Amino acid sequence: MNMTLKREGQEQNAENCLSLLQIILKAGGEAELRARKALNCEKRKNYKFDIAAVSCTGEVSDNATVHISVVDINEYAPTFLDPSYVCQVDEGRLYEEIVRVEATDRDCTPKFGDVCKYEILTSDQPFTIDNEGAIRNTEPLDYERSHNHILSVVAYDCGMKQSVPVMVTIKVNRICKLGWKGIPERIDYAPGTGREDLFPDADLELCDVPCTVHSVETKLNLATSHIGKGCDRDTYSVQSQRKLCGASMESVDLLPSPGIGSEWTKSLPTDEGRESDQIFEFDGASSAVAIPSDVLDHNLASTFTIATWMKHKQHPDQDKHVKEHIICSADDHKMNRHHYALFVRNCRLILLLRRDFSEGDLNIFRPAEWRWKLPQVCDNEWHHYAVSVKFPEVSLYVDGQLFKAEKKNPEIIDDWPLHPTKGINTTVTVGACWQGSDNKMKHHFRGYLAGLSVLLHKTEKPEVLSCLHKCKESLEVPAMELLEPGMELLTNSDLTELSIEGDNKTNLVILVRKIGYTNTRQFPTPGRRNLHLSTTVTCERGRPVKVPSVESYVMVLQPQQPSIDINGTGNVAREYEDFRLGVRVFTDVHITVGQVKGQKQWKHGEPVSVIEKQLDSCTVSVYPPLNPDHETVTLPENMLTQFGIVAKVNKDGVVVSGADMIYNYEQVLRQIQYTNRKPAYYLNRVFKLTCSELNGRFMSNEYVQTLTVIHPRLPASKSLNTKPSNSPNSAGHDDKKPTPVAGHHGNGAAASESTQAQAQPAHIHVDRHHAELRPAQTISDVYMAGNMDSAQAVVAGGSHAVTIIIVVCVGFLLFMIVLGVIRIRAAHHRAAQEEIADTEMAWDDSALTITVNPMEQLDGSAGQTGGRTGGGNQAGNGGAAAGDDDDSSDDGSSYRDDDLDSSDEEEEEEGAEGGKVKDLEWDNSTLAI
């Protein structure tokens with residue numbers, strides 16, 4: 001029996017089976033078993049019964065067992081056991097399980113009847129749920145951030161049929177924690193926005209601590225030691241910084257940026273990544289420089305100031321008695337005497353000042369060494385030191401503050417003055433000390449230096465030293481009117497530490513909310529500045545309450561970079577006479593400062609400033625270098641003095657420096673004058689101009705100014721019988737003729753043409769054909785151009801190889817002839833100079849008598865008289881020389897001995913020349929020795 005069944009029943013009576021199933025007979029002895037109604041797997045999964053076939057004769061076959069299994073379909077979605085879930089948790093904790101949700105599915109088989117997955121549909125919530133329905137938090141909950149968290153959770157069966165969402169509400173219980181609330185972890189600061197409040201939502205929670213507040217103290221520290229030289233300062237050169245602070249312009253910068261006029265610092269390594277702070281690194285072994293004698297007077301006056309930035313740390317492996325010289329003046333050779341020095345030894349800053357012998361100071365014991373014991377010397381942080389001397393008074397300023405002398409600090413050591421010496425000069429060095437006897441550097445400094453300067457004949461004002469150290473970034477204190485009675489607010493000199501203390505907790509919170517941060521630097525160093533807030537609460541009877549410290553930081557955003565543009569007329573042509581009188585190089589130069597394209601404005605919409613309309617340096621480079629024989633560059637001295645701008649001029653160009661307005665720099669640059677007494681030697685002169693701000697941090701474009709020399713044109717010759725021809729052929733023919741440079745003017749040609757309306761220059765070639773003559777050129781340019789034009793003409797006319805060779809040979813022959821003429825003239829000129837020199841060096845023998853025959857005594861009296869006159873002069877000169885030598889030397893030698901020695905040599909040489917000495921010799925019998 002072949003049947004297709006969709007339902008199955010368990011064994012039951014025939015009536016039940018017939019109520020569920022029916023048999024349909026078909027032809028061929030087949031029958032079909034059908035269900036009378038839909039079967040439901042959720043009500044009954046299996047059916048089993050027996051079936052038999054009955055023939056028409058009534059015979060019954062054997063029974064056949066029929067098994068029917070009902071196949072399940074995913075017709076039901078999961079449902080949660082509870083319509084919603086609510087639970088409570090404490091803030092600040094992480095839970096393994098907060099709440100468990102559960103869902104079921106009515107489908108009859110595990111494939112569709114089991115729940116395989118749970119999911120939280122609500123996004124951005126610090127919770128997660130596993131496949132078992134357990135919900136937990138992924139981070140500690142904060143009551144201040146959210147009192148309640150409402151989640152939408154769904155379940156999926158294994159056929160991924162989703163349930164209806166169920167709401168899960170998690171309530172956060174507030175747990176009072178002792179300490180500060182509302183302190184942000186990060187505060188963004190945009191340059192140019194001024195003051196920014198740090199903690200506007202701060203609040204101090206004491207919870208339910210049984211405490212009657214007796215006193216409360218809060219300290220806030222701003223960490224800036226990792227920025228530049230201790231904090232954000234304007235990275236101007238020392239000279240510009242001094243000008244901005246109103247200091248004396250006579251100070252000498254011993255560690256300037258390498259460049260024109262300050263080449264001695266090129267060999268020193270610099271510390272990079274400091275936003276262009278000019279910081280020099282000294283390795284303690286080889287890095288040191290000698291200061292040129294024309295930069296600083298090696299003899300210190302009795303009144304002076306030495307100032308420097310220094311970063312130094314203690315080295316455990318180093319002998320504590322080792323000297324590390326910052327600056328030193330010592331004998332240049334033979335001896336090792338140290339005249340003055342500023343050095344570090346055993347974490348002490350020491351000033352050595354040995355006085356020379358002077359009138360009234362003989363054998364007087366005087367102070368010669370001052371030793372300050374300072375913790376700043378070896379803390380590996382940047383500090384500013386200034387030693388001001390009004391001998392014998394010496395003052396030390398550390399970070400702009402006067403060091404208060406204590407007992408034996410500084411320790412003062414007396415010494416004898418230095419003994420006078422002759423022939424020994426001094427050498428001033430930075431980073432080590434020169435040992436004259438060993439001819440090398442010793443006592444090297446190991447650390448970092450910047451802004452080393454010396455001011456002679458005066459001391460620096462204390463307010464100037466404070467200004468030089470002042471930071472551009474600091475904490476902003478609250479307004480004093482917010483300070484209530486019983487409260488006190490203290491800060492350090494740099495405004496990087498702030499302390500509030502008193503007995504009023506509420507007023508302390510108000511003051512903390514009003515603490516701000518500011519950075520007045522136009523282009524601050526971007527990066528992080530850490531903040532540390534610590535608080536101490538004292539209850540009655542002195543019982544302290546521990547309040548956790550809070551860490552935060554200010555993030556200074558990247559400033560917008562400015563662009564410095566220099567524009568003007570790039571090429572200027574002038575005549576010979578203009579160059580001889582002087583030509584202004586940058587007649588119409590314009591300097592503008594703007595924002596780099598593509599940068600955005602800050603969030604408050606402030607535009608980028610024009611660097612306060614200031615520059616601090618401009619460099620004019622000349623290549624090849626100026627020839628001092630006939631080229632000079634001058635600047636307006638009065639204008640430089642008026643603006644306080646310093647200029648350095650040498651053969652390589654000009655450097656003008658000093659922070660000032662762009663307008664003033666333009667005025668100075670436009671007055672730079674170039675003079676050339678021999679302009680005919682040049683076709684042009686090229687000057688390159690670059691300007692910078694903040695000690696080279698922002699550089700301008702390279703502006704190129706060309707001064708072109710206009711060489712005089714030779715006037716066209718006029719024919720008496722032929723009118724000028726303007727045909728192209730004649731003009732083209734004349735272009736092939738080289739025009740010599742107008743040079744020496746002869747007399748013959750000028751005299752013959754004196755009756756004409758216009759005088760003709762000498763050496764002009766008079767031609768009957770009119771042509772437009774080209775400007776004057778150098779000889780090599782003329783003949784090279786002539787040869788090239790000739791060669792091109794021949795090639796255009798024909799391609800005969802012989803003709804080309806002939807033209808080249810003729811051109812080479814002409815070049816050799818010109819070269820020979822030049823060399824002959826140069827040799828003639830050299831011979832004339834030698835003749836003049838020989839004439840100047842000739843003996844003045846007007847008072848000497850030459851005796852032809854020494855045996856003849858007839859004219860002896862006249863010869864003796866003349867000889868006595870010459871000898872007397874020689875004796876006088878010799879005596880003077882001997883006297884001078886006695887004053888300058890103690891070895892007994894004299895110039896007269898040298899003269900005698902040279903005379904003996906001359907006599908020996910003359911004796912070797914065929915005995916001429918016997919025929920012609922000096923009559924020195926009457927000379928007085």
Side-chain angles (χ1 to χ4, degrees), residues 237 239-240 243 249 256-263 294 564-593 611 613-679 681-693 695-696 698-710:
S237 63
Q239 183 179 359
S240 297
K243 178 182 177 182
M249 299 301 293
S257 300
I260 297 177
S262 56
E263 293 82 1
D294 59 343
I564 306 175
D565 298 320
I566 305 177
N567 299 301
T569 304
N571 197 329
V572 177
R574 293 290 185 268
E575 302 284 349
Y576 278 6
E577 191 61 27
D578 295 331
F579 280 96
R580 294 190 181 101
L581 296 177
V583 176
R584 291 183 181 179
V585 181
F586 308 103
T587 55
D588 59 349
V589 66
H590 291 280
I591 304 175
T592 57
V593 178
I611 320 179
K613 302 289 185 181
Q614 285 188 343
L615 295 175
D616 67 354
S617 176
C618 284
T619 302
V620 180
S621 302
V622 186
Y623 184 81
L626 298 174
N627 189 334
D629 178 57
H630 53 269
E631 290 183 295
T632 56
V633 173
T634 57
L635 288 91
E637 296 295 336
N638 294 337
M639 191 175 292
L640 293 174
T641 304
Q642 176 185 353
F643 297 151
I645 298 176
V646 179
K648 296 180 181 179
V649 183
N650 60 18
K651 64 179 182 178
D652 295 319
V654 179
V655 174
V656 288
S657 58
D660 212 320
M661 295 188 300
I662 291 179
Y663 175 80
N664 292 343
Y665 264 89
E666 288 180 340
Q667 299 305 309
V668 171
L669 292 174
R670 291 171 184 172
Q671 297 297 323
I672 295 179
Q673 185 168 286
Y674 166 72
T675 305
N676 191 333
R677 295 192 299 275
K678 298 179 180 180
Y681 290 2
Y682 301 88
L683 294 177
N684 55 49
R685 245 338 190 159
V686 178
F687 298 82
K688 295 180 180 179
L689 172 64
T690 56
C691 295
S692 67
E693 166 67 347
N695 202 25
F698 304 114
M699 296 295 298
S700 71
N701 61 310
E702 186 180 78
Y703 172 71
V704 178
Q705 180 72 57
T706 303
L707 299 182
T708 302
V709 181
I710 302 178

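Note that the numbering runs from 1 along the sequence shown for the chain. Bear in mind that the values here come from a model prediction, so they are computed numbers and not experimental data.
Taking all atoms of both residues into account, the shortest heavy-atom contact from L635 to A647 is CD2-CB, 3.9 Å. For R685 against P625, the heavy-atom pair with the smallest separation is NH2-O, 3.2 Å. In plain terms, the two heavy atoms of P636 and Q671 that are nearest each other are CG-CB, 3.4 Å. The two residues P679 and F579 have their closest heavy-atom pair at CB-CB, 3.9 Å. Considering all non-hydrogen atoms of both residues, V572 and Q705 come closest at CG2-NE2, 3.5 Å. Nearest approach of C618 to L689, heavy atoms of both residues: CB-CD1, 4.2 Å.
The shortest side-chain heavy-atom distance between V620 and F586 falls under the 4.5 Å cut-off. You'll find the side chain of C691 reaches within 4.5 Å of the side chain of I591, heavy atoms only. Using a 4.5 Å heavy-atom threshold, the side chains of E263 and N650 count as touching.
Panel note: side chain D578, backbone L581; no donor-acceptor pair is recorded below 3.5 Å. Of the possible donor and acceptor atoms, one in the side chain of Y665 sits under 3.5 Å from a partner among the backbone N and O of D616. At distances below 3.5 Å, not a single donor-acceptor pair connects side-chain atoms of E702 with backbone N or O atoms of K688. Using modelled atom types, one side-chain atom of N701 and one backbone atom of I566 make a donor-acceptor pair closer than 3.5 Å. Side-chain atoms of D660 never come within 3.5 Å of backbone atoms of G644 as a donor-acceptor pair (strictly under, hydrogens ignored).
Ring orientation note: the planes of Y674 and F687 are nearly perpendicular, at an angle over 60° on the 30°/60° scale. By the 30° and 60° cut-offs, the orientation of the rings of Y682 relative to H630 is tilted.
There is a side-chain donor-acceptor pair under 3.5 Å between T708 and N571. Counting only N and O atoms by type, the side chains of T706 and N684 include no donor and acceptor under 3.5 Å apart.
Residue M699 holds its CE atom at 11.5 Å from CD of E693, rounded to the nearest 0.5 Å. Distance CG/D588 to OG1/T569: 3.5 Å, rounded to 0.5 Å. Once rounded to the nearest 0.5 Å, the distance linking CG of N676 with CG of D629 reads 10.0 Å. Atom CZ of F643 is separated from atom CE of M661 by 7.0 Å, given to the nearest 0.5 angstrom. The line from CE of M639 to CD of Q667 is 6.0 Å long, rounded to the nearest 0.5 Å. Atoms CZ and CG, on R584 and L669 in that order, are 12.5 Å from each other to the nearest 0.5 Å.
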Handout entry: Derivation of the side-chain contact (heavy atoms from CB on, under 4.5 Å) call for L615 and I564
Key = CA-CA 10 Å; L615 295 175; I564 306 175; 4.2 Å; yes
Handout entry: From CA spacing to verdict: side-chain contact (heavy atoms from CB on, under 4.5 Å), Y576, V709
Key = CA-CA 7 Å; Y576 278 6; V709 181; 3.5 Å; yes
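Other residues, nucleotides and ligands place no more than 12 heavy atoms under 6.0 Å from the CG atom of N638.
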